Amino acid sequence: MNRILWLWGILFGLWLLLSYHFEWLFLVFGTATCTVAVLVAARMGIVDRESVPLHLVRRGALYVPWLVWEILKSNVRVAGIILSPRLRVDPSIVHFRASQRTDLGRFIYANSITLTPGTVTTGIVADDLEVHAIVREEVDGSEENDMNRRVAALEGEGA
């Protein structure tokens, strides 16, 4: 029941944020829409720890600023590669092993890699992530290991 209420609150908050309408008719429509969505999800039995990840809220407050900083650093590196007089692009495919145990953890890890400029996760098979990088030297594995460790901690598996 607790997760159902949290899911409704999250959906309604997101609805308010995206619609930004506070007239009573819109609030009634938003309330009805969120209620129907939550009732359907509860009836389907998909309101669980992974679909409403309440445990990620506190840990995410530490992870998101770190990820934003990594994205900014990668932006500067990619801009340097693009603006250099001798364009040193060496595209390659590398593989990383994800240590996350849930699909949500692997999803966060793969999307964190993709959000970082210069890298794109092109495939996931079990624990193996296939990543395309524009410069092979930039993807030495150290940053990805740090990201892997942080996402595992975010998921609740690590420190």
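Everything quoted here is computed from the prediction, not taken from an experiment.
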Solution key, residues 29-36 side-chain donor-acceptor pairs under 3.5 Å, sequence neighbours excluded:
from, atom 1, to, atom 2, distance (Å)
Thr31, OG1, Leu27, O, 2.7
Thr33, OG1, Phe29, O, 2.7
Thr35, OG1, Trp8, NE1, 3.1
Thr35, OG1, Thr31, O, 2.7

Measuring from atom [atom1] of [X] to atom [atom2] of [Y], what distance do you get when rounded to the nearest 0.5 angstrom?
X      : Y      : atom1 : atom2 : result
Tyr63  : Ile108 : OH    : CD1   : 7.5 Å
Leu115 : Leu67  : CG    : CG    : 6.0 Å
Thr102 : Phe107 : OG1   : CZ    : 11.5 Å

(request) Take Glu130 and Thr122 through the test side chain to side chain donor-acceptor pair (under 3.5 Å) and record every step on the way to the result. (result) CA-CA 6 Å; Glu130 183 181 75; Thr122 58; 2.8 Å; yes
Report all side-chain donor-acceptor pairs from residues 79-87 shorter than 3.5 Å, counting only partners two or more places apart or in another chain.
from, atom 1, to, atom 2, distance (Å)
Ser84, OG, Ile81, O, 3.0
Ser84, OG, Arg86, O, 3.0

(message) Who clusters with Leu39? Use side-chain heavy atoms, under 4.5 angstrom, across I, L, V, M, F, W and Y, and order the result by chain and number.
(response) none
(message) My understanding is that a hydrophobic cluster links ILVMFWY residues whose side chain heavy atoms are under 4.5 Å apart, including indirect links. Using that, what else belongs to the cluster containing Leu14?
(response) Leu18
(request) For residues 108-128, pull every pair meeting salt bridge (charged side-chain N to carboxylate O under 4.0 Å, His left out), keeping only residues two or more places apart or in separate chains. (result) Arg97-Asp127, Arg106-Asp127
Give a yes or no on whether the backbone of [Y] and the side-chain of [X] come within a donor-acceptor separation of less than 3.5 Å.
X      : Y      : answer
Thr119 : Ala133 : no
Glu155 : Arg101 : yes
Asn148 : Tyr109 : no

(message) Run the ring pair (Phe, Tyr, Trp, His ring centres under 6.0 Å) test against His21 and tell me which residues pass, sequence neighbours left out.
(response) Phe26
(message) Would you say that Met147 contacts Ile113 through its side chain, given a criterion of any heavy-atom pair below 4.5 Å between the two side chains?
(response) yes
(message) Is the shortest side-chain heavy-atom distance between Asp146 and Trp66 below 4.5 Å?
(response) yes
(request) Is it possible for you to say whether Val78 and Val135 belong to one hydrophobic cluster, with membership spreading through side-chain heavy-atom contacts below 4.5 Å? (result) yes
